[in-house]
Amino acid sequence: MLGSKSGEMNWNLTDDQKMVRDMVREFVVAEVAPNAADWDRDKYFPGEVFEELGKLGLFGMVVDEEYGGAGLDRIGYCLVLEELARGDASTCVAISVTNSLFCAPLQRYGTSEQKERFLRPCVNGEWLGAFCLSEPGAGSDAAALSTIARREGDDFLLNGSKAWVTNGAVCGAMLVFAVTDPESSRNRVTAFVIPADHPGVSIAREEDKLGIRSSRTNQVALDDCRIPSEWVLGEEGKGLAIALNSLDGGRAGIAAQAVGIGHAALVFTLDYVREREAFGGPIGRFGGLQGKLATMAAHIRAARLLYLRAAWLRDNGEPDTMAASCAKLFASEMANWVSYQAVQMHGGYGYVTDYPVERLYRDARVTTIYEGTSEIQRLVIARQVTAGLG
Amino acid sequence: MDPRLSETEQAFRDIVRAEVSSIGMTADDIDQGVTTAANAIACLATAEFLGIYTPEAHGGCGGGPVELALVSEEIGATSATVGVVAVGHMVSSFLLDALGSPDQKQNWFPVAVDGTTLFALVLDCGDSLLESPGCGVSGKKEAGGLYLDGKARAVTGLTLSGCLIVPVKVGDALLLAIVEADRDGVTIGVEESQLGLNGAGQASVEFSGVQVPSGSILSGGNVVEALRMADDLFRIGHAGLCVGIGRAALETSIAYLSRADGALCREQSVQWMLADMATETEASRLLTWYAASRTGPDEMREAAAMARLLAADGAVRASRSAVQIFGISGNKRGSGIERLYRDAKAMELHHGAVEVQQLAVAGELLPDLVKDPP
Ligand SMILES: Cc1cc2nc3c(=O)[nH]c(=O)nc-3n(C[C@H](O)[C@H](O)[C@H](O)COP(=O)(O)OP(=O)(O)OC[C@H]3O[C@@H](n4cnc5c(N)ncnc54)[C@H](O)[C@@H]3O)c2cc1C
């Protein structure tokens with residue numbers, strides 16, 4: 001009477017989702033993964049590989065077909081990010097920022113002229129996008145921005161300094177968040193879309209990072225940068241909402257990136273424990289290591305389900321704030337723990353660059369920091385579960 | 001992909017939730033031995049969902065692993081003690097369905113479904129079904145049937161059950177025997193007071209020359225395969241119970257905060273505990289549902305062991321945080337809070353300890369290096 005035979009809930013991917021995942025997997029295995037260690041060592045941004053990724057349509061995955069994009073759903077998009085991160089987390093973040101934090105907000109809030117001008121080149125694989133919210137003095141507390149955009153007739157004049165800009169030195173255009181109404185608490189910030197080569201925009205600094213070293217992270221200076229009001233994205237004064245909504249959408253993607261890193265660390269470690277011998281046989285025969293590996297695998301699987309669920313919610317227009325934060329928190333903490341264990345199981349060899357787990361360990365580190373630190377995710381989640389209390 | 005429960009699954013879950021709430025009041029009494037889990041299970045039986053693995057023709061509700069996971073979460077959120085007994089009972093029904101003859105089904109399903117007879121599976125609670133089937137109960141075939149000898153140390157639900165399902169080794173073959181608890185030669189120990197899962201009727205049992213008539217031997221199918229499946233169902237059921245404990249820890253904490261001084265839920269230490277409880281419980285739930293919706297047996301095995309592993313850990317962490325949030329009042333016997341913590345810890349040991357689950361997953365990851373994965 002009550003029940004039904006199981007099988008209604010389903011985790012099956014569509015043919016399209018599988019196709020794009022497999023296509024990217026193939027590319028990553030051939031062109032990305034084998035070079036990731038060299039790029040990391042040399043802090044080399046592999047422009048020639050990005051050219052190919054652009055041709056595959058990966059710069060505009062989330063853009064509607066109307067503007068020539070792939071119109072890929074969030075699930076498919078996150079699967080692609082996981083595949084990229086399995087090969088190289090640096091490559092992954094450049095693609096992720098372009099799609100989640102540049103294309104998606106433009107797609108959602110942009111005018112058709114803005115989309116033609118700024119989205120088309122992404123879709124055509126001509127340029128990457130960047131997202132300039134953080135500043136030297138304002139990270140988690142995004143409302144504390146100090147970059148100013150002063151209205152002068154039909155123009156805005158921007159001054160200030162943006163920090164931690166992924167793709168800063170290699171993008172074609174950037175979203176910039178600046179204060180337009182310092183007196184207002186609710187309508188203080190406005191979003192702008194600005195070509196990277198626009199006068200007054202300059203790359204002030206290149207960060208020397210612990211991980212994702214072949215990605216570009218820059219400080220961007222805005223000095224009397226004059227832009228027309230047509231480049232305001234969305235409503236004037238509503239910039240913070242645009243930023244937060246974009247970050248919500250990006251979180252499942254960062255979770256997918258973390259899963260890719262964790263997955264790669266597990267796979268390399270499974271190989272290693274078969275190969276490495278101690279006390280008369282492969283170390284993988286030790287129960288303590290087997291137990292660790294099993295727990296790593298369980299956490300990776302759970303993190304993947306969490307990001308798939310968050311992506312599904314967004315695809316279906318359901319509230320995803322809580323799910324996306326849970327996915328990001330769990331997956332990024334998982335990637336750190338898993339890659340730590342991977343290094344440990346490699347012993348001394350895990351500590352040197354001969355084996356990829358050393359890089360994975362460094363690359364995992366940033367996932368609990370950017371697009372909302374773990375602490376901020378916890379605050380978001382706690383706020384959701386205690387809504388209405390206190 | 002659709003990671004939600006279907007409408008029927010949701011409706012099912014809602015009915016179960018409403019029914020299970022009726023036993024909530026007794027959870028601490030069961031823990032303290034004032035009443036028994038059998039009474040609570042009789043209540044659940046009237047709601048019919050103990051019959052998930054009983055075909056509708058025999059009065060059951062004919063569900064599958066997803067329904068098992070849902071029922072388990074609901075019971076686990078109320079009383080994990082009742083949960084482990086109920087899961088054992090339901091998995092016994094699965095074995096009866098998989099291996100029983102029409103006559104045997106006719107004979108036992110009615111009493112199993114209406115809860116008048118509880119079924120317990122005889123296996124040491126620390127072991128997985130296949131690892132040491134029957135815990136060393138062996139059988140000899142003679143005129144008059146099968147004669148059982150051997151013992152098991154700690155069988156869940158034993159003191160509450162009317163019927164035992166006993167895996168028996170006869171030479172190299174494995175049989176399943178249904179043995180009434182009051183049969184001559186069956187000696188059941190007393191339930192000892194434990195850290196957690198108190199009142200689950202856990203005790204030792206000894207069989208000395210117990211005669212089992214041939215009509216009580218379940219042999220209508222592949223015993224090893226059925227036991228494998230049963231093992232995975234146990235994992236899914238127990239993972240569900242752990243998810244339930246995690247959920248109860250979160251929900252009771254939130255309810256407590258709503259009564260307490262509002263400043264408490266603005267404390268970051270509290271907020272972070274809530275966030276981790278919510279995140280880890282959700283992760284365990286998704287993994288449990290995922291495992292329950294696998295159709296291939298190998299896939300289900302790996303996922304179910306992963307779910308069991310993650311969910312038990314999540315339950316311990318969540319219930320520990322709940323005790324912390326309640327402070328000294330959560331430390332009080334009978335508060336219901338410290339019971340969650342004790343029960344969660346026991347779930348890490350109970351029927352397939354953490355290490356057994358790890359070995360099962362590792363067996364899939366490193367089949368060449370893991371010896372005899374369970
Ligand atoms: C490699 C890299 C790439 C990045 N790319 C971009 C990008 O493309 N665009 C962009 O805009 N930004 C980017 N960022 C910036 C990133 O999003 C910020 O670093 C992050 O939001 C944290 O801000 P912060 O560094 O100022 O740290 P802070 O906000 O100063 O935080 C310091 C510590 O305090 C904690 N903390 C802060 N507030 C609270 C609170 N309320 N409660 C409890 N703890 C708190 C934080 O969790 C953290 O542990 C990037 C960062 C890195 C490292």
Side-chain angles (χ1 to χ4, degrees), chain A residues 1-14 17 75 266 270 273-274 281-282 284-287 289-299 301-303 305-306 308-309 311-313 316 322-323 325-327 329-330 333 375 377-386 388-390, chain B residues 1-6 8-9 12 15 48-49 52 56 61-67 250 254 257-258 262-266 268 270-272 274-276 278-280 282-284 286-287 289-290 292-293 295 303 305-307 309-310 354-355 357-362 365-366 368-371:
Chain A
M1 52 112 219
L2 291 170
S4 51
K5 279 280 176 224
S6 301
E8 297 194 51
M9 177 189 308
N10 94 74
W11 296 90
N12 304 330
L13 302 176
T14 63
Q17 289 161 349
I75 292 177
L266 176 65
L270 286 172
V273 299
R274 283 197 174 91
R285 74 192 194 287
F286 296 128
L289 303 195
Q290 292 174 356
K292 266 285 153 47
L293 289 163
T295 308
M296 289 157 75
H299 279 78
R301 175 74 56 78
L305 297 176
L306 283 166
L308 285 173
R309 180 160 171 282
W312 184 90
L313 288 169
N316 287 274
M322 166 101 169
S325 284
C326 286
L329 172 62
F330 188 91
E333 295 290 343
E375 291 72 25
Q377 306 307 332
R378 288 192 175 97
L379 293 183
V380 170
I381 297 163
R383 217 171 287 143
Q384 297 271 327
V385 297
T386 56
L389 304 186
Chain B
M1 194 183 102
D2 189 344
R4 291 172 307 176
L5 299 177
S6 68
T8 9
E9 287 161 349
F12 176 70
I15 295 173
E48 289 186 39
F49 52 74
I52 285 178
E56 290 174 68
C61 62
V66 171
E67 284 75 15
L250 178 63
I254 293 170
L257 291 170
S258 73
L264 198 53
C265 75
R266 287 192 293 274
Q268 278 201 347
V270 170
Q271 291 177 330
W272 291 9
L274 294 176
D276 286 337
T279 301
E280 290 170 20
E282 187 60 18
S284 301
L286 290 181
L287 202 44
W289 289 0
Y290 176 81
S293 58
T295 44
M306 284 183 178
L309 191 57
L310 197 76
V354 167
E355 292 74 12
Q357 310 305 334
Q358 287 178 331
L359 210 57
V361 179
L365 297 174
L366 294 165
D368 43 332
L369 293 181
V370 176
K371 264 191 277 155

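Chain A is the first sequence line, chain B the second, and so forth, proteins listed ahead of strands; every chain is numbered from 1.
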Practice prompt. Dump the intermediate steps for side-chain contact (heavy atoms from CB on, under 4.5 Å) on Asp276(B) and Leu329(A), then the final yes or no.
Written response: CA-CA 9 Å; Asp276(B) 286 337; Leu329(A) 172 62; 3.8 Å; yes
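- When side chains are defined from C-beta on, Ile381(A) does not count as touching Leu274(B), because their heavy atoms never get closer than 4.5 Å.
- Contacts between Leu293(A) and chain B at a heavy-atom distance below 4.5 Å involve backbone atoms as well as side-chain atoms.
- No other option in Gln384(A), Arg309(A), Arg285(A), Gln377(A) has as many heavy-atom pairs under 4.5 Å with chain B as Arg309(A).
- Both the backbone and the side chain of Val273(A) come within contact range of chain B, each with at least one heavy atom under 4.5 Å from a heavy atom of that chain.
- Trp312(A) places a side-chain N or O within 3.5 Å of a backbone atom of Met1(B) that can act as its donor or acceptor partner.
- Under the side chain to side chain contact (heavy atoms under 4.5 Å, CB included) criterion, Ala311(A) pairs with Arg74(A), Ile75(A), Cys78(A), sequence neighbours left out.
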Item to complete: Applying side-chain contact (heavy atoms from CB on, under 4.5 Å), run through Glu282(B) and Met322(A) and close with a yes or a no.
Response: CA-CA 11 Å; Glu282(B) 187 60 18; Met322(A) 166 101 169; over 6 Å; no
Practice prompt. Let me see the working for Asp2(B) and Trp11(A) under side-chain contact (heavy atoms from CB on, under 4.5 Å), right down to the final yes or no.
Written response: CA-CA 6 Å; Asp2(B) 189 344; Trp11(A) 296 90; over 6 Å; no
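- Residue contact with chain B, scored on non-hydrogen atoms closer than 4.5 Å, involves the backbone and the side chain of Arg274(A) alike.
- Residues Leu379(A) and Gln268(B) meet the side-chain proximity criterion, which asks for heavy atoms closer than 4.5 Å.
- Across every non-hydrogen atom of Leu369(B) and Pro282(A), the tightest pair is CD2-CG, 3.6 Å.
- For Glu375(A), the parts lying under 4.5 angstrom from a heavy atom of chain B are both the backbone and the side chain.
- Taking CZ of Phe330(A) as the reference point, atom CG of Leu286(B) lies at 10.0 Å (rounded to 0.5 Å).
- For Glu355(B), no part sits under 4.5 Å from any heavy atom of chain A, backbone or side chain.
- The shortest heavy-atom contact between Val385(A) and Ile254(B) is O-CD1, 3.5 Å.
- Counting all heavy atoms, side chain and backbone alike, Leu365(B) lies closest to Ala297(A) at CD1-CB, 3.9 Å.
- Note on Ala302(A), Ala327(A), Ala323(A): by heavy-atom pairs under 4.5 Å with chain B, the leading option is Ala302(A).
- For the atom pair Gln358(B) CD and Gln290(A) CD, the distance stands at 9.5 Å (nearest 0.5 Å).
- For a residue to count as touching a neighbouring chain, one of its non-hydrogen atoms must lie under 4.5 Å from one of that chain's; by this rule Leu313(A) does not touch chain B.
- The CG atom of Leu310(B) sits 5.0 Å away from atom NE2 of His299(A), with the distance rounded to the nearest 0.5 Å.
- Residues Ala283(B) and Leu306(A) approach most closely at CB-CD1, 3.8 Å, considering heavy atoms.
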